[in-house]
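The structure presented is a predicted model; accordingly, all values stated were derived computationally and were not measured. Labels below follow one simple rule: chain letters A, B, ... track the order of the sequence lines, proteins then strands, and each chain is numbered from 1.
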Protein chains: 2
Amino acid sequence: MTPNKENFIKAIYELGGDHSVISNKKLVNNLSISAASVTEMNARLLKEKLISHVPYRGVKLTSSGIRIAHQLKRKHRIWEVFLFEKLGYDWNEVHADADLLEHVSSDLLIERLNDFLDEPKFDPHGGVIPNKDGSLPETSTFPLTDVGTGKPFKIKEVDDDKEFLNYLLEKDIQLGDRYTLTDVEPFDGPITLETPEGRQITIGHKAAFKILVDYVTE
Amino acid sequence: MTPNKENFIKAIYELGGDHSVISNKKLVNNLSISAASVTEMNARLLKEKLISHVPYRGVKLTSSGIRIAHQLKRKHRIWEVFLFEKLGYDWNEVHADADLLEHVSSDLLIERLNDFLDEPKFDPHGGVIPNKDGSLPETSTFPLTDVGTGKPFKIKEVDDDKEFLNYLLEKDIQLGDRYTLTDVEPFDGPITLETPEGRQITIGHKAAFKILVDYVTE
DNA sequence: ATATATTTTTAGGATATCCTAAAAACGTTC
DNA sequence: GAACGTTTTTAGGATATCCTAAAAATATAT
Ligand SMILES: [Mn+2]
Ligand SMILES: [Mn+2]
Ligand SMILES: [Mn+2]
Ligand SMILES: [Mn+2]
């Protein structure tokens, strides 16, 4: 396994390759490499049985592939917690360094780090940290676009993208914030939230889809 | 710069390449790669002006090369402090992980880590941590083989080699220990130390050379 | 259904890193 | 200083990763 292959598997996973077939095109855009390089890497991962491949259609992770993706995500997210909590990184700064550290982290290192951080369950964006064995803890979040009007909900996880995180900072939307939905415009139109104090925030459909929430259960 | 090149420069440095010409043979042994690969890497580093090269003689670091070696050592040693102090690694466990982490450490990461660790001056083996600008703090240590009989001295630094560290553990020799020299056999023979409590320890000349000390000044 | 546009694959190269085996240079020993 | 042993370099390959350009397959639109 090389950093390259690991990043490729992670990209497939993040595009939904654990449950559906991902086109080369999507990987080309996501990884910013040539189409030829994607075809080539596909062949390599196929030989190692980490993906299945339907020619001219795309690739899907095998169970081994999914396990590797989860283990890599575990490393990535534990590092993010460390950078955020111990080294004082900002929300939107942690990703880049974690993306490098994840590939040079021995099992010993990750488990010691996990202990040192008191076994965190979520990364700084609310992403759940996979278990040591490569399984995923249960979560009950859903996209903000699926919220019903009236019921109060909490922000549980947001997309780990630097620009998007900056946008949320502008809008003053934070993990754990509590809102109710007051308006949804049709045809994937803007969504308006209201804080308990009555402040209103309007965001687009695409942005809302990058925010995962859960209903408040009291 | 790649991890490979960085390790090569570090190897040259550790063999004394900051002040003398290092033969290919030494690098072959140290890095466990073929002689052909050393010749090849020499050519690459020469082109980047990180080393000077005397054909059939060997290589020496330029000032740029030395600066890179020091900055890498800084990263390596700061990571070692972290692994040792915060993650509970043993003395002889820190090196392997630090050797990987050093190549994926942004300046931001290292400086934040340095702050988090309260700006340590030495790594867990007593190695001095180079300054941010690539310069070396002054130290006044010398090999145990050069100690005079009678004068008390302290263990300041030991060779960062797993087997050697295990040997020191067996002999119960630790950083900061205070001894006096009671016997030195001629022809690079064994050296005998005595603790303040009168316990005697005898070690060979080669091992003694891997231990740096300084006289106690009270 | 055919033309057009898009996507994927193949073909042919480039670079970094590694290797083994042979040739050349150097050092040592009598 | 010739012979032998050691070290370095050169020659020729291998693999991983990347690329561009052309060819093949698939999807879309009329
Ligand atoms: Mn991230
Ligand atoms: Mn990565
Ligand atoms: Mn070390
Ligand atoms: Mn290293």
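Remark: C1' of C/dT7 and NE2 of A/His53 are 12 Å apart, rounded to the nearest angstrom. The CD-P distance, from B/Glu6 to C/dA16, rounds to 16 Å in whole Å. Here the P atom of nucleotide D/dT6 and the NZ atom of B/Lys26 are 18 Å apart, to the nearest Å. Between the CG atom of A/Asn24 and the P atom of D/dA25 there is a distance of 16 Å, given to the nearest Å. D/dA16 atom P lies 17 Å from atom CG of A/Asn7, rounded to whole Å. Distance B/Lys25 NZ to C/dA25 C1': 16 Å, rounded to the nearest Å. To the nearest angstrom, C1' of D/dT15 lies 16 Å from CE of A/Met1. Across the protein-nucleic acid pair, A/Tyr56 atom OH and D/dT28 atom C1' stand 18 Å apart, rounded to whole Å.
For B/Asp97 and A/Arg112, the salt-bridge test fails: no basic side-chain N is under 4.0 Å from an acidic carboxylate O. Using a 4.0 Å cut-off between charged nitrogen and carboxylate oxygen, B/Arg44 and B/Glu40 count as a salt-bridge pair. Looking at A/Glu14 and A/Lys26, no side-chain N of the basic residue comes within less than 4.0 Å of a carboxylate O on the acidic one, giving no salt bridge. In summary, A/Asp161 and A/Lys210 do not engage in a salt bridge, as defined by a charged side-chain N under 4.0 Å from a carboxylate O.
Within the 4.0 Å cut-off from OP1 or OP2 of D/dT7, not a single side-chain nitrogen or oxygen of B/Ser23 is found. Residue B/Thr39 places no side-chain N or O under 4.0 Å from the OP1 or OP2 atom of D/dT10. Contact annotation: A/Arg57 side-chain N/O to D/dA27 OP1/OP2 distance is under 4.0 Å.
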For this session: Go through B/Met1 and B/Leu50 one step at a time and tell me if the side-chain contact (heavy atoms from CB on, under 4.5 Å) criterion holds.
Result: CA-CA 11 Å; B/Met1 190 57 50; B/Leu50 298 173; 3.7 Å; yes
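Below 30°, between 30° and 60°, or above 60°: for A/His205 and A/Phe209 the angle between ring planes is below 30°, a parallel geometry. Between A/Phe82 and A/Phe116, the two ring planes are tilted [angle within 30° to 60°].
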Polar atom pairs between nucleotides 18-22 of chain D and protein, under 3.5 Å, N or O only, would you list them?
residue, atom, partner, partner atom, Å
D/dC18, OP1, A/Asn4, OD1, 2.9
D/dC18, N4, A/Glu40, OE1, 3.2
D/dC18, N4, A/Glu40, OE2, 2.9
D/dC19, OP2, A/Ser34, N, 3.0
D/dC19, OP2, A/Ser34, OG, 3.0
D/dC19, OP2, A/Ser37, OG, 2.8

